[in-house]
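Just below is one structure, and these are the notes that go with it.
Position 1 is the first residue of the sequence, and the numbers go up from there.
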Amino acid sequence: MNLSVGVLGAARIVPSALLEPAADLDGIEVTAVAARDPERAVAFAREHGIPRALRSYDEIVDDPAVDAVYVPTPAALHGHWTRRAIEAGKHVLCEKPFTANAEEAAEIAELAGSSGLVVMEAFHSRYHPMWTRMTELVDSGVLGQLHTARAEFTVPHADTSDIRWQPDLGGGALMDLGCYPVRLLRHLFGEPEVTGAQIRAVDGVDAATTAQLAFAGGLSGEVVAIMEGVDGHAAELHVSGSAGTLHVRMPYHPYLYGELTLTTESGVVVEQGDPRTTYSFQLEAFRDAVTEGAANLTDAGEATATMRVIDAIYRAGGLRPRTPVAP
């Protein structure tokens, strides 16, 4: 029997993050979609072969034929619809960042923990083998005493009508892009202290954010997220230690020309990223967590820890954390 998934919105990310991997995986099927504009939902369902277009998000959440809900709404709405889905007895795959802020994330984590349901932040990068490989190298000691780690994600977004430029909907470079390097550095080095942040804000939205982090053992970290004032994309991780360096290109989407370069006294080792998409690995993990009780590596507790760092960066840079909204 297939796991039936309903989608809350005809967002641009839905085809690559859900529909395409679902088409290649057994045991999971996207069966319904709703959108703020019902006509758009009908058109989206027809275009992508989704059997049903329902009239509202509430109808998706309350539909007894839907086992799980995918939440690709603007970030400020993630908490509301994740909560609604849990209360309706649905498993949830919620896009990142998980909620508007850490307080909301903690509330939902508590609700999820007592529900018996799988509530997973759609942090797809975590499920790709490249992240396991990075962890192996960092933990192996091959880099010696770790000194610095810098993670960057830069994607220009010039259209100021986009939700990324709307603070009330959870916009900003840190929320949209910075969640990736924050999550990566947490994954590799544990929980940091935010020691400083520089934010260039435009109408209340951080167009560019750089934050300094301190990790156990004396490691200094830096997170860079930029969505305005740059010419091209950049996605990089650079770790330096007393015995070598680790550089990773495209650590957040390793299947897209991802490359890991380890440099030590023994020489240079270059490894390519697995070409299978991060979204495919993630959806397989979600299916297995629901149907087999497999590990949920990006659960609500992990998401809450990331949101705590994001909130601390905003405060250190002179902005308030984002505020949740209800539809």
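- Put simply, NE2 on His124 and OG1 on Thr298 are 10.5 Å apart, with the number rounded to the nearest 0.5 Å.
- Between the side chains of Arg164 and His157, a donor-acceptor pair is found at a separation under 3.5 Å.
- Nearest approach of Leu25 to Glu284, heavy atoms of both residues: CD1-N, 3.6 Å.
- Looking at Arg133 and Glu136, a side-chain N of the basic residue comes within less than 4.0 Å of a carboxylate O on the acidic one, giving a salt bridge.
- Ser125 and Arg183 share no side-chain donor-acceptor pair at under 3.5 Å.
- Side-chain contact between Val119 and Asp299 is absent, with no heavy atoms from C-beta onward closer than 4.5 Å.
- Checked against the 6.0 Å centroid threshold, Phe123 and Phe98 do not count as a close aromatic pair.
- By the 6.0 Å contact criterion, CD on Glu110 is open, its count of non-hydrogen atoms from other residues, nucleotides or ligands being 12 or less.
- Enclosure of atom CD in Glu265 is not indicated, since only 12 or fewer non-hydrogen atoms of other residues, nucleotides or ligands lie within 6.0 angstrom.
- Applying the salt bridge (Lys or Arg N to Asp or Glu O under 4.0 Å) rule to pairs touching residues 237-261 yields Arg249-Glu259, sequence neighbours excluded.
- The shortest distance between side-chain heavy atoms of Asn2 and Thr31 does not fall below 4.5 Å.
- Under 4.0 Å is where a charged nitrogen must lie from a carboxylate oxygen, and between Arg322 and Asp311 no such pair does.
- With hydrogens and angles ignored, the 3.5 Å screen pairs no side-chain donor or acceptor of Ser280 with any backbone N or O of Arg276.
- Legend: side chain to side chain donor-acceptor pair (under 3.5 Å) pairs involving residues 192-203, not counting sequence neighbours, sorted by first then second residue: Gln198-Gln212, Arg200-Glu228.
- Side-chain contact check for Asn101 and Tyr314: no donor-acceptor pair (N or O, by modelled atom type) lies under 3.5 Å.
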